[in-house]
Enquirer: 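For reference, the structure I am asking about is given below.
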Amino acid sequence: MIYFPPLQMRRFTAKIRELSLAQSLAIAAIPLHLDEMATTEFLRACVEDAPLDPALWTVQERIMGVAHYLSSTSEGEPDFSVGAGWKFSDYFMPEANARKEASEPFDHAGDTWRAVPVLGRYAQSIERLHGELEGIQGKAHWIIGMMAAGLERRNDDKPGDDAADDAVDAWLLARMRVFLDYPESDFIALMQGHAKASAEIAHLFRLRTDDSGIIVMPSTEGAGIPPARFPVFTALSDFAQAVAGKPA
């Protein structure tokens, strides 16, 4: 049995337990392109008690949950290796532990917007909706999806925390279609406003997107360190990974 110290976030503290073999095998069987789904199932399995369901953790808090598990299972090395030659500490921002509820408001195209942290349930929705918008794939899908989930206006009718997944998907898909109908120059300006406002509320990690989803940027810009991911399957045993055919 592996000992896991408590996972201490600014918003909550959670006890972590080792996955059972059955849980590891079930999570390992989730396809690689559904990493947000796998993250939710992984955290629900290994978190003993937390005031929030992991689907309602921010994307950054979810990454921290996976990294915390990795730090306890990496042969006594909390600052575990990331890729070839890098360390977890190259990406983690411990000084930015406090989650801000929203950025300062900014005006664009007759509306007042603010950036808010993207919750896991919306990241999962973006993942589920991939391919639903004709001609929109990969990085474009993730950029627009993260903007749709991470930008709010005063009178937005966002689904409640207890809303069903299909209601979240319908809301997010409609929001993405609205952004796609913007004149290109207006969309680019809003995208730039979102990037600037998101930097104000960055916590734990600096996030970007690529063709496959959310990536973590190095904590120090210009350090020559590549972006990283912390996929859930890397927190599973070699046995579970091998049985599921996951890459080494």
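Hydrogens, waters and symmetry mates play no part in the numbers below; they use all other heavy atoms, side chains included.
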Enquirer: Check whether any side-chain heavy atom of V47 sits under 4.5 Å from a side-chain heavy atom of I16, and report yes or no.
Expert: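 In short, these two side chains touch, coming nearer than 4.5 Å.
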Enquirer: Test of understanding: with side chain to side chain donor-acceptor pair (under 3.5 Å), list the residues that count as partners of S237, not counting sequence neighbours.
Expert: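 None.
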Enquirer: Please report the interatomic distance OH(Y182) to CD1(I188), rounded to the nearest 0.5 Å.
Expert: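 Spacing of OH (Y182) from CD1 (I188) equals 13.0 Å.
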Enquirer: For residues 51-60, which residue pairs qualify under salt bridge (Lys or Arg N to Asp or Glu O under 4.0 Å), counting only residues two or more places apart or in two chains?
Expert: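 Of all non-adjacent pairs touching residues 51-60, those that pass salt bridge (Lys or Arg N to Asp or Glu O under 4.0 Å) are R44-D53.
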Enquirer: Hey, what do you get for CD (Q192) to CZ (F106), rounding to the nearest 0.5 Å?
Expert: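 If I round to the nearest 0.5 Å, the distance is 10.5 Å.
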Enquirer: Listed by chain and number, what are the ring pair (Phe, Tyr, Trp, His ring centres under 6.0 Å) partners of F187, not counting sequence neighbours?
Expert: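 Ring pair (Phe, Tyr, Trp, His ring centres under 6.0 Å) list for F187, sorted by chain: empty.
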Enquirer: If two hydrophobic side chains count as joined below 4.5 Å and joins carry through other members, does V232 share a cluster with I30?
Expert: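 Each belongs to a different hydrophobic cluster.
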Enquirer: Find out whether L172 and E132 are in side-chain contact, i.e. whether some heavy atom of one side chain is under 4.5 Å from a heavy atom of the other.
Expert: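 Counting from C-beta outward, L172 and E132 never come under 4.5 Å.
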Enquirer: In the structure I gave you, are the side-chain heavy atoms of L204 and M93 within less than 4.5 Å of one another anywhere?
Expert: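 No, side chains not in contact.
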Enquirer: Return the minimal non-hydrogen interatomic distance between S219 and F92, and the atom names on each side.
Expert: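 It is CB-O, 3.7 Å.
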Enquirer: Tell me whether M217 shares a hydrophobic cluster with W86, the cluster being built from Ile, Leu, Val, Met, Phe, Trp, Tyr side chains joined at under 4.5 Å.
Expert: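 Looking at the clustering, W86 is in a separate group from M217.
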Enquirer: With sequence neighbours excluded, what pairs up with R206 under the side chain to side chain donor-acceptor pair (under 3.5 Å) test?
Expert: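 Residues passing side chain to side chain donor-acceptor pair (under 3.5 Å) with R206: none at all.
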Enquirer: At what distance, to the nearest 0.5 angstrom, does CD of E18 lie from CE of M1?
Expert: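 One finds 6.5 Å between CD of E18 and CE of M1.
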Enquirer: Report yes if some heavy atom in the side chain of S103 is under 4.5 Å from a heavy atom in the side chain of I201; otherwise report no.
Expert: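 In short, these two side chains touch, coming nearer than 4.5 Å.
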Enquirer: Any non-hydrogen side-chain atom of L133 less than 4.5 Å from a side-chain atom of L173?
Expert: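 Result yes, sub-4.5 Å side-chain heavy-atom pair found.
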Enquirer: Would you name the heavy atoms of I63 and F230 that are closest together and state the gap between them?
Expert: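 Looking at all heavy atoms of both residues, the closest pair is CG2-CD1, 3.7 Å.
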Enquirer: Using the test side chain to side chain donor-acceptor pair (under 3.5 Å), find all partners of D79 that sit at least two apart in sequence or belong to another chain.
Expert: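 D79 satisfies side chain to side chain donor-acceptor pair (under 3.5 Å) with S89 once adjacent residues are dropped.
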Enquirer: Should side-chain heavy atoms under 4.5 Å link Ile, Leu, Val, Met, Phe, Trp and Tyr, which residues sit in the same cluster as L21?
Expert: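 L25, F239, V243, all in the cluster of L21.
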Enquirer: Evaluate the criterion side-chain contact (heavy atoms from CB on, under 4.5 Å) for residue pair S212 and R229; output intermediate values, then yes/no.
Expert: CA-CA 10 Å; S212 300; R229 277 193 175 85; 3.3 Å; yes
Enquirer: Other residues, nucleotides and ligands only: do more than 12 of their heavy atoms fall within 6.0 Å of CG on D238?
Expert: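 Result for CG/D238: open.
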Enquirer: With a cut-off of 6.0 Å (strictly less than), are more than 12 heavy atoms of other residues, nucleotides or ligands near CD of E104?
Expert: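 No, because the 6.0 Å sphere around CD of E104 holds 12 heavy atoms or fewer from other groups.
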Enquirer: Is there a path of hydrophobic side-chain contacts, each under 4.5 Å between heavy atoms of I, L, V, M, F, W or Y residues, that connects V168 with F179?
Expert: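 Yes; F179 is reachable from V168 via cluster members.
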Enquirer: Do you know the tightest heavy-atom contact between A102 and R114?
Expert: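 For A102 versus R114, the nearest heavy atoms are CB-NH1, 3.3 Å.
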Enquirer: On a heavy-atom basis, which atom in Y91 and which in I225 lie closest, and how many Å separate them?
Expert: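 Answer, listing the atom of Y91 first, then I225: OH-CG2, 3.2 Å.
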Enquirer: To the nearest 0.5 Å, what is the distance between CD1 on I144 and CD1 on I136?
Expert: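 Reported value, rounded in 0.5 Å steps: 5.0 Å.
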Enquirer: Examine distances only and state if a side-chain atom of R175 and a backbone atom of A149 form a donor-acceptor pair shorter than 3.5 Å.
Expert: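 No; zero donor-acceptor contacts below 3.5 Å.
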Enquirer: What residues form a ring pair (Phe, Tyr, Trp, His ring centres under 6.0 Å) with H141, not counting sequence neighbours?
Expert: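 For H141, the residues satisfying ring pair (Phe, Tyr, Trp, His ring centres under 6.0 Å) (neighbours in sequence not counted) are H130.
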Enquirer: Do you know which two heavy atoms are closest between L7 and G65, and how far apart they sit?
Expert: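 Heavy atoms only, the tightest pair is CD2-CA, 3.9 Å.
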Enquirer: Short question: side chain of Q60, backbone of A202 - any donor-acceptor pair under 3.5 Å?
Expert: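 No.
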Enquirer: Share the residues that join Y3 in a hydrophobic cluster, the rule being Ile, Leu, Val, Met, Phe, Trp or Tyr side chains under 4.5 Å apart at the heavy-atom level.
Expert: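 Members other than Y3 - counting any ILVMFWY side chain reachable under 4.5 Å - there are none.
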Enquirer: Taking the side chain as every heavy atom from C-beta outward, state whether F88 and L70 have any pair of such atoms under 4.5 Å apart.
Expert: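 With C-beta onward as the side chain, the pair stays apart.
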Enquirer: With a 4.5 Å cut-off on side-chain heavy atoms, are S81 and K87 touching?
Expert: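 Yes. Closest side-chain heavy atoms under 4.5 Å.
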Enquirer: Please report, to 0.1 Å, the donor-acceptor pairs under 3.5 Å made by any side chain of residues 115-127, with sequence neighbours excluded.
Expert:
unit_1	atom_1	unit_2	atom_2	d
R121	NH1	G160	O	2.8
R121	NH1	D161	O	3.2
R121	NH2	A163	O	2.4
Q124	OE1	T40	OG1	2.5
S125	OG	D169	OD1	2.6
E127	OE1	E36	N	3.4
E127	OE1	M37	N	3.0
E127	OE2	D35	N	2.9
E127	OE2	E36	N	2.7

Enquirer: Kindly compute the distance separating CH2 (W142) from CG (D210), expressed to the nearest 0.5 Å.
Expert: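 CG of D210 is found 9.5 Å from CH2 of W142.
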Enquirer: Is the shortest side-chain heavy-atom distance between L52 and E61 below 4.5 Å?
Expert: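 No, their side chains stay 4.5 Å or more apart.
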Enquirer: Applying side-chain contact (heavy atoms from CB on, under 4.5 Å) to L207 and V216, what does each step give before you reach the verdict?
Expert: CA-CA 5 Å; L207 304 181; V216 179; 4.2 Å; yes
Enquirer: Taking atom CD of Q241 and atom CD1 of I27, what is their separation to the nearest 0.5 Å?
Expert: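 Going from CD on Q241 over to CD1 on I27, the span is 12.0 Å.
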Enquirer: Donor-acceptor check, side chain of D107 to backbone of G110, threshold 3.5 angstrom: yes or no?
Expert: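 No, the answer is negative, given that no donor and acceptor are paired below the 3.5 Å cut-off.
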Enquirer: Which pairs pass ring pair (Phe, Tyr, Trp, His ring centres under 6.0 Å) with one or both residues in residues 28-69, sequence neighbours excluded?
Expert: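 Found F4-Y69, F12-W57, F42-Y69.
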Enquirer: Please collect all ring pair (Phe, Tyr, Trp, His ring centres under 6.0 Å) contacts where either partner lies in residues 150-170, sequence neighbours excluded, each pair once.
Expert: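 For residues 150-170: none.
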Enquirer: Is L19 reachable from L34 through a run of I, L, V, M, F, W or Y residues, each pair having side-chain heavy atoms under 4.5 Å apart?
Expert: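 Per the 4.5 Å side-chain linkage, L34 and L19 are not co-clustered.
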Enquirer: Is M64 reachable from I215 through a run of hydrophobic residues whose side-chain heavy atoms are each under 4.5 Å from the next?
Expert: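 No; M64 is not reachable from I215 via cluster members.
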Enquirer: Would the distance check show the side chain of D156 and the main-chain N or O of R153 forming a donor-acceptor pair, the cut-off being under 3.5 Å?
Expert: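 Here the side-chain-to-backbone pair exists.
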Enquirer: Closest heavy-atom contact between M176 and A148?
Expert: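 Closest approach of M176 to A148, heavy atoms only: CG-CB, 3.7 Å.
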Enquirer: With sequence neighbours excluded, tell me which residues meet side chain to side chain donor-acceptor pair (under 3.5 Å) with E101.
Expert: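 Side chain to side chain donor-acceptor pair (under 3.5 Å) list for E101, sorted by chain: R99.
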